[in-house]
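Counting from 1, the numbers follow the sequence of the chain as shown. Counting starts at 1 for both ligands and their atoms, in listed order. Every heavy atom of this structure was used, including side-chain atoms; hydrogens, water molecules and symmetry mates were not.
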Amino acid sequence: MRAAVLREHGEPLDVTEVPDPTCDPDGVVVEVEACGICRSDWHSWMGHGEWADDAVPAGQILGHEPAGRVVEVGDRVETIREGDRVALPFNLACGSCGYCQTGHGNVCTGDHPHALGFEPSAQGAFAELVHLPSADYNAIQLPEDVSPTDVAALGCRFMTAYNALDARAGLRAGQWVAVHGCGGVGLSAIQVANVLGARVVAVDLGADAVVDGSAEDPVDAIRGLTDGGAHVSLDALGVAETCRNSVRSVRPRGAHVQVGLTTEAEQGNVSLPTDWMTRHEVSFLGARGMPPTNADDLLSLLASDAVDPGSLVTKTVSLDEVPERLAAMTDYDTVGVEVMVP
Ligand SMILES: [Zn+2]
Ligand SMILES: [Zn+2]
């Protein structure tokens, strides 16, 4: 099959012929119909994560937001059949550890690959075929009438935004949520917040209220608009300034949710106003992907037309164009969500 392979951090991905994936007894092989291109791919490509011993090694096929059709099924798989349409979560789970068994497969600690497209034992989906391990637990079954680009746009961003605002922060109707960072996950968070009935103030985005972060102090502006601070604030970007701004945007007893991973400047560490957070009982929450077992909630939202991830898709590109589109992210030259269709 053809795939886009990481040869050296920061050098264009090598689109080339590689061996087809082999199917585990508990896995399936999926023919990729579409795969979102995400800032997490860019971080991997740049070699970020070295500070946490988490850099993606050379030889990796990136791509972690695929949807496609099952073309091969392992002997032990019970619920997935050849021809089924599925989405693959990037957060892979073993299905049997304590976290998986209690509905938190997104933080699985089992002896198993944990991140599709980020580790050698889980090669990604900038390719014609991709393997999904523990398919009974991980596969998200899709209705026939959903377009693959919509699902790819749903990608890690929609799932992450939904899990972050609903399950992690407990955002409720009528509450204020602030969204910092205008990439795919930020835009997804706005749609999810709208569905949950929350009021949205976004920095540099279309929302109920918009703050121009370059022209005014976003924290002051958000505090003014929300009568004392948001109930929940989300940093979708992961730079020190947006993280701290997000924390400082919440009201007493509010919650900040960190979704964006940091860059080389922060190396995974951001200093925070901890005395102020303690004084006001402000929570700092991490959020990663979504437990695969919660996918039905998200799919019913999709079926209701309440959210429209396809509206975030600004460009579809071929496998051959993926290296160039990743490079465009270096200068924040991309808008909305771009999707690879091989
Ligand atoms: Zn597990
Ligand atoms: Zn992603």
Residues that E17 engages under salt bridge (Lys or Arg N to Asp or Glu O under 4.0 Å), provided they are two or more places apart: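 Not a single residue meets the salt bridge (Lys or Arg N to Asp or Glu O under 4.0 Å) criterion with E17.
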Under 2.8 Å from the Zn ion (ligand 2), how many protein N/O/S atoms can be counted?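 Under the 2.8 Å cut-off, the count stands at 4.
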Side chains of [X] and [Y], heavy atoms from C-beta outward: is any pair under 4.5 Å?
{"X": "S318", "Y": "P342", "result": "no"}
{"X": "Q141", "Y": "R85", "result": "no"}
{"X": "H104", "Y": "T109", "result": "no"}

If the plane angle is over 60° it's perpendicular, under 30° parallel, otherwise tilted; pick one for F284 and H256. tilted
Using 2.8 Å as the threshold, say whether any N, O or S atom from H112 sits that close to the Zn ion (ligand 1).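 Checking the Zn ion (ligand 1) against H112, no N, O or S atom falls under 2.8 Å.
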Check for a donor-acceptor pair, side chain of S134 on one end and backbone N or O of Y137 on the other, with a separation under 3.5 Å.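 Checking the backbone N and O of Y137 against the side chain of S134, no donor-acceptor pair under 3.5 Å is found.
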